[in-house]
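Notes for the one structure printed next.
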Amino acid sequence: MSEVVAIKPHEKYYGVYVVELEDGSMRLATKNLVPGHRVYGERLFRYENVEYREWNMYRSKLAGALANGLSEQPIRESDSILYLGVATGTTASHISDIIGLKGRIYGVEFAPRVMREFVALADVRKNLYPILADARKPQLYRHVVELVDGVYADIAQPEQASVVADNADYFLKHNGYLLLAIKARSIDVTKEPSEVYRREIETLKNRGFEIVDVVHLEPYDKDHAMVYARFKR
Ligand code: SAM
């Protein structure tokens, strides 16, 4: 296994680190909030007495979006985030590293088996708040979620943009950010967006979002693009 040569803060992305390995390859990483603890079999790196977790671009769409040059990484330390479709917490664990113990992730997931793993993760990572619920019914969890700095959505459902907008109306601050993994199969999103993709972006615009950037996730994920937007109340 290749040794670490250096680990440096990413020049462009807040809370993200670049790991340089002996074989010349580079990896993305976050500082491990819970040293010694892995979440999805990722590699741990130690450098100058700090432990980092590799952020795998093939496993996390946000890492793929950063590797493909998203204009900004908007998540900051202490942020509160509503995460729709949190699953077992692969991506959420890296966001958890970035926001630290003063931040919160409200993780919404409707599949009980998957949620069980996320609940176990929340035992270890104290900034995770599991919510077993259907993201299409935000009124059912409005009493447990505060006004948040950002929404992350990856629910892999039709009409995802309107589900996101319904949640934003309840929970997202003015100028809050949205990171949305959107279906954009096999098409160059900058040239010829698919009908589904175009409709989803239109829905976001009609519901108060300003689109900041869209990047396709190829080669890390062939089916999706990441939309980064800001919400204007
Ligand atoms: N974002 C995760 C990550 O990167 O670690 C992966 C999410 S996976 C692609 C999509 C998840 O959304 C699944 O676990 C699925 O059960 C969940 N999901 C789909 N529709 C949902 C809904 N209406 N409400 C809550 N969760 C939903």
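In this text the structure is predicted, and so the values were computed from the model without any measurement.
Under the salt bridge (charged side-chain N to carboxylate O under 4.0 Å, His left out) criterion, Arg104 pairs with no residue at all, not counting sequence neighbours. Residues forming a ring pair (Phe, Tyr, Trp, His ring centres under 6.0 Å) with Tyr58 (at least two apart in sequence, or on another chain): Tyr220. Shown here are the ring pair (Phe, Tyr, Trp, His ring centres under 6.0 Å) partners of Tyr14, two or more places apart in sequence or in another chain: there are none. Scored by the ring pair (Phe, Tyr, Trp, His ring centres under 6.0 Å) test, Phe209 finds Phe231 as partners (sequence neighbours excluded). Under the salt bridge (charged side-chain N to carboxylate O under 4.0 Å, His left out) criterion, Asp169 pairs with Arg207, not counting sequence neighbours. Looking at residues two or more places apart in sequence or on another chain, you find a salt bridge (charged side-chain N to carboxylate O under 4.0 Å, His left out) between Arg136 and Asp134. Ile211 pairs by the side-chain contact (heavy atoms from CB on, under 4.5 Å) definition with Ile201, Leu204, Lys205, Val214, Val227, Ala229, not counting sequence neighbours. Applying the ring pair (Phe, Tyr, Trp, His ring centres under 6.0 Å) criterion to Tyr228, with sequence neighbours excluded, gives no partner residue. Partners of Arg38 according to the side-chain contact (heavy atoms from CB on, under 4.5 Å) rule, which considers only residues two or more places apart in sequence or in another chain, are Glu42, Leu44.
Within 6.0 Å of atom CZ in Arg113, 12 or fewer heavy atoms from other residues, nucleotides or ligands are found, so the atom counts as exposed in its surroundings.
Remark: side-chain polar atoms of Arg46 are paired, donor with acceptor, to backbone N or O of Asn49 under 3.5 angstrom. With Asn32 contributing its side chain and Glu51 its backbone, the two residues share no donor-acceptor pair below 3.5 Å.
Exactly one of Tyr170, Phe171, Phe110 qualifies for a ring-ring contact (aromatic ring centres under 6.0 Å, His included) with Tyr141. That residue is Phe171.
Once rounded to the nearest 0.5 Å, the distance linking CG of Asp213 with CG of Leu179 reads 10.5 Å.
Note on residues 25-36: pairs passing salt bridge (Lys or Arg N to Asp or Glu O under 4.0 Å), not counting sequence neighbours, are Arg27-Glu54.
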Report, one line per pair, each donor and acceptor closer than 3.5 Å where one atom sits in a side chain of residues 59-69; sequence neighbours left out.
{"from": "Ser60", "atom 1": "OG", "to": "Trp55", "atom 2": "NE1", "distance (Å)": "3.0"}
{"from": "Ser60", "atom 1": "OG", "to": "Thr91", "atom 2": "OG1", "distance (Å)": "2.9"}
{"from": "Lys61", "atom 1": "NZ", "to": "Asp154", "atom 2": "OD1", "distance (Å)": "3.1"}
{"from": "Lys61", "atom 1": "NZ", "to": "Asp154", "atom 2": "OD2", "distance (Å)": "2.8"}
{"from": "Asn68", "atom 1": "ND2", "to": "His216", "atom 2": "O", "distance (Å)": "2.8"}
{"from": "Asn68", "atom 1": "ND2", "to": "Glu218", "atom 2": "O", "distance (Å)": "2.8"}

Would you give me the side-chain donor-acceptor pairs under 3.5 Å for residues 78-90, sequence neighbours excluded?
{"from": "Asp79", "atom 1": "OD2", "to": "Arg76", "atom 2": "N", "distance (Å)": "3.0"}
{"from": "Asp79", "atom 1": "OD2", "to": "Tyr177", "atom 2": "OH", "distance (Å)": "2.7"}
{"from": "Ser80", "atom 1": "OG", "to": "Asp149", "atom 2": "OD2", "distance (Å)": "3.4"}

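Pairing each heavy atom of Phe45 with each of Ile7, the nearest pair is CB-CD1, 3.9 Å.
A donor and an acceptor atom, one from each side chain of Tyr17 and Asp97, are nowhere located under 3.5 Å apart.
Counting only heavy atoms from C-beta outward, the side chains of Ile182 and Met226 never approach each other to under 4.5 Å.
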